[in-house]
Colleague: 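Okay, here's the structure, questions in a sec.
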Amino acid sequence: DAGVIQSPRHEVTEMGQEVTLRCKPISGHNSLFWYRQTMMRGLELLIYFNNNVPIDDSGMPEDRFSAKMPNASFSTLKIQPSEPRDSAVYFCASTRYPNPQPQHFGDGTRLSIL
Amino acid sequence: DQQVKQNSPSLSVQEGRISILNCDYTNSMFDYFLWYKKYPAEGPTFLISISSIKDKNEDGRFTVFLNKSAKHLSLHIVPSQPGDSAVYFCAASGIGNLIFGKGTKLSVKP
């Protein structure tokens, strides 16, 4: 079975550029999560969607960050403009809602802003 | 303020012995707890979970214990194998999202 697919795996770009991270959740999953992992803060939730609707975006650090889920099989996380402190590994995860079930993670996008 | 804490950043164990990873939480509303394992350059992989109505859940070499009164859970790996070397994350669920600890790096030496 295909797991959560994230692209790109690595992204290196210059400060000020727009960055778009992509995620395809597991088929049949209706809940999708975006996380950011850094050494200082660990794994922190940025935003999550249930049935394509954003439920909690309180973890989104600034207005420079935005996320969309136009359909059940695709989500994007956009940073515009990007800054060096945005450098981190970004993970997408999905699960079935509403029963408590484990989230399944993609392999992440390692983002470096120069 | 951290709601889920893993106070040991690292743990080293001999192959064949028991590994015990610990996790503390502060929110009594959490009702579902999970352990994830993470290898470098990969995403976290679900390992085992436990509901707050239970105090123990076992799956092969992995057992999770939950002590609600102490707000503490632990993961036991017996026997430990070199392939178990990874970072282990504890997570707790409240209203749909997960709160993660910062992880414990386990090294199992042959």
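Each chain gets a letter, A, B and so on, in the order the sequences are listed, and its residues count up from 1.
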Colleague: I'd like to know if B:Ile99 and A:Ile47 are part of one continuous hydrophobic network [Ile/Leu/Val/Met/Phe/Trp/Tyr, side-chain heavy atoms within less than 4.5 Å].
Modeller: no
Colleague: What part of A:Leu43 is in contact with chain B, defined as an atom under 4.5 angstrom from a non-hydrogen atom: side chain, backbone, both or neither?
Modeller: both
Colleague: Under 4.5 Å between side-chain heavy atoms, counting indirect links through other Ile/Leu/Val/Met/Phe/Trp/Tyr residues: same cluster for B:Leu66 and B:Leu47 or not?
Modeller: yes
Colleague: Suppose we screen for side-chain hydrogen bond (donor to acceptor under 3.5 Å, both in side chains). Which residues come up paired with A:Glu14, at least two apart in sequence or across chains?
Modeller: none
Colleague: Restricting to non-hydrogen atoms, name the atom on A:Phe105 and the atom on B:Pro44 that form the minimum distance, rounded to 0.1 Å.
Modeller: CB-O, 3.4 Å
Colleague: Counting neighbours of CG on A:Asn71 that are heavy atoms of other residues, nucleotides or ligands and sit closer than 6.0 Å, is the number greater than 12?
Modeller: yes
Colleague: Are B:Val108 and B:Val87 joined in one hydrophobic group, where the rule is that I, L, V, M, F, W and Y side chains link up if heavy atoms are under 4.5 Å apart?
Modeller: no
Colleague: Shared ILVMFWY cluster between A:Phe33 and A:Ile55, side chains joined below 4.5 angstrom?
Modeller: yes
Colleague: Tell me whether B:Leu21 is reachable from B:Phe89 by hopping between hydrophobic residues (I, L, V, M, F, W, Y) whose side-chain heavy atoms are closer than 4.5 Å.
Modeller: no
Colleague: Would you mind checking chain A against chain B for donor-acceptor pairs under 3.5 Å and listing them?
Modeller:
| unit_1 | atom_1 | unit_2 | atom_2 | d |
| --- | --- | --- | --- | --- |
| A:Arg9 | NH2 | B:Ala41 | O | 3.0 |
| A:Met40 | O | B:Lys102 | NZ | 2.6 |
| A:Gln103 | N | B:Tyr36 | OH | 2.9 |
| A:Gln103 | O | B:Tyr36 | OH | 2.7 |
| A:Asp107 | OD1 | B:Gly43 | N | 3.0 |

Colleague: Counting only heavy atoms closer than 4.5 Å, note whether B:Leu98 contacts chain A via side chain, backbone, both or neither.
Modeller: both
